Amino acid sequence: MKRLEPSLLAADLYRLPAQMEAAERGGAAAWHLDIMDGHFVPNLSFGPHVCEGIRKHTALPVTAHLMVERPSRFIRPFLDAGAGAVLLHAETEPERLPELLRSVRDAGAEPGVVLRPKTPPETVLPYLPAIGRVLLMSVEPGYGGQALLPESFGRIRALRRLIERENPAVLLALDGGVTPENAPALLEAGVDVFVAGSSVFGAPDIETRCREFCGVLRHEP
Ligand code: DX5
Ligand code: ZN
């Protein structure tokens, strides 16, 4: 099943409940929460208490995308804050990654591996048997509102092939510059989970925009 995962980085925090309700009515499947530490990426965003606050008021699961230099410090706080999936960059603490992914799974949450745009797709190979999803960045992480890098299409196809070969149960998620305009081509290339920030929360009508996205995603290639 293909899914839309709106990224709350682009939401208007003053209107957050209304914007989340609109996205949920429009068919959003989960909330994407970008965690930035000002080191791994040059920006700051949300901490575990934000995850906890959101979890209290929504039925949809929260995905924590950890863009931090030391994810080992933050996994437990986000699990305790109710994150349903914790996604770790392959570039951070690589020697500890197998153990960290296992700790997410042992806690009953979904572990995932994230690749920056220049990290080779094959980097995920050792982790595929033990994760629920791969998240491919289609922009340099750190900021919302950037255009999707065109080379992402080749990378999606390469990852799709690796997933089909090694563990077809793994979902392929894409993050950065996803819009209703490029969604059909991304779907065709093999994306399962569509993370979208500005194209959802920057829309004049969030519910209608999510319906538009979900309409595209229903047409599996
Ligand atoms: C970027 C974040 C994304 C971001 C996507 O570092 O990981 O989740 O919110 O935003 P858009 O959809 O605006 O590119
Ligand atoms: Zn993200």
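Order of listing sets the numbers, starting from 1, for every ligand and every atom in it. Quick caveat, the model's predicted, so the values are computed rather than measured.
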**OP:** For the atoms NE2 of H32 and OD1 of D34, give the angle they form at the Zn ion (ligand 2), rounded to 10 degrees.
**Re:** 90°
**OP:** Check the pair E151, R155 against salt bridge (charged side-chain N to carboxylate O under 4.0 Å, His left out), reporting the backbone distance first and the verdict last.
**Re:** CA-CA 7 Å; E151 59 268 32; R155 295 167 55 73; over 6 Å; no
**OP:** May I ask you to decide whether R102 forms a salt bridge with E99, counting only side-chain N to carboxylate O separations under 4.0 Å?
**Re:** no
**OP:** Mark yes or no: R116 above the aromatic ring of F40, with NZ or CZ under 6.0 Å from the six-membered ring centre and no more than 45 degrees from the axis.
**Re:** yes
Original post:
For ligand 1, is any non-hydrogen atom under 4.0 Å from A196's backbone (N, CA, C, O), its side chain (CB onward), both, or neither?
Top reply: backbone
Original post:
Could a heavy atom of M67 be found less than 4.0 Å from some atom of ligand 1?
Top reply: yes
Original post:
Counting only N and O atoms by type, is there a donor-acceptor contact under 3.5 Å from the side chain of S7 to the main-chain atoms of A196?
Top reply: no
**OP:** Using a strict cut-off of 4.0 Å, indicate which atoms of ligand 1 neighbour a heavy atom of L9.
**Re:** 9 (O)
Original post:
Identify the closest protein heavy atom to atom 14 (O) of ligand 1: which residue and atom is it, and at what distance?
Top reply: G177 N, 2.8 Å
Original post:
Rounded to 10°, how big is the angle at the Zn ion (ligand 2) from H65 ND1 to D175 OD2?
Top reply: 100°
Original post:
Is the backbone N or O of G177 less than 3.5 Å from a side-chain atom of N182, with the two atoms forming a donor-acceptor pair by type?
Top reply: yes
Subject >> Closest approach of any protein heavy atom to atom 6 (O) of ligand 1, naming residue and atom >> reply: G142 N, 2.7 Å
**OP:** Taking only heavy atoms of D34 into account, list the atoms of ligand 1 that are under 4.0 Å away from them.
**Re:** 2 (C), 3 (C), 4 (C), 7 (O), 8 (O), 9 (O)
Subject >> atom 1 (C) of ligand 1 - nearest protein heavy atom and its distance >> reply: Y143 O, 3.7 Å
**OP:** Flag the pair R76 and D80 as a salt bridge only when some basic side-chain nitrogen lies within less than 4.0 angstrom of an acidic carboxylate oxygen.
**Re:** yes
Subject >> Close-contact set for ligand 1 against M137 heavy atoms, below 4.0 Å >> reply: 7 (O)
Subject >> NZ/NE/NH1/NH2 to OD/OE distance under 4.0 Å, D192 and R160 >> reply: yes
Original post:
Looking only at atom types and distance, does a side-chain atom of S198 sit under 3.5 Å from a main-chain N or O of A10, one as donor and one as acceptor?
Top reply: no
Original post:
So does E140 pair up with K118, basic N to acidic O under 4.0 Å?
Top reply: yes
**OP:** Output the list of atoms in ligand 1 that are nearer than 4.0 Å to some heavy atom of G176, sorted by atom number.
**Re:** 14 (O)
Original post:
What residue and atom, counting heavy atoms only, is the protein's closest point to atom 9 (O) of ligand 1, and at what distance?
Top reply: S7 OG, 2.7 Å
Original post:
Do any nitrogen or oxygen atoms of G145 lie less than 3.5 angstrom from nitrogen or oxygen atoms of ligand 1?
Top reply: yes
Original post:
Out of S138, P141, G144, who gets a non-hydrogen atom closest to atom 10 (O) of ligand 1?
Top reply: G144
Original post:
Would you say the side chains of E5 and T63 form a donor-acceptor pair under 3.5 Å?
Top reply: yes
Subject >> Sub-4.0 Å heavy-atom contact, A10 with ligand 1 >> reply: no
Subject >> Nearest protein heavy atom with distance in Å, relative to atom 12 (O) of ligand 1 >> reply: G197 N, 2.7 Å
**OP:** State plainly whether the residues R161 and E164 are in salt-bridge range, i.e. N to O under 4.0 Å.
**Re:** no
Original post:
Looking at atom 3 (C) of ligand 1, what's its closest protein heavy atom, distance included?
Top reply: D175 OD1, 2.9 Å
Original post:
At what distance is the nearest protein heavy atom to atom 13 (O) of ligand 1, and which residue and atom is it?
Top reply: S198 OG, 2.3 Å
Original post:
Is E207 paired with R25 through a side-chain N to carboxylate O contact shorter than 4.0 Å?
Top reply: yes
Original post:
H65 heavy atoms, cut-off 4.0 Å: which ligand 1 atoms fall inside?
Top reply: 7 (O)
Original post:
Against heavy atoms of H32, which atoms of ligand 1 measure under 4.0 Å?
Top reply: 8 (O)
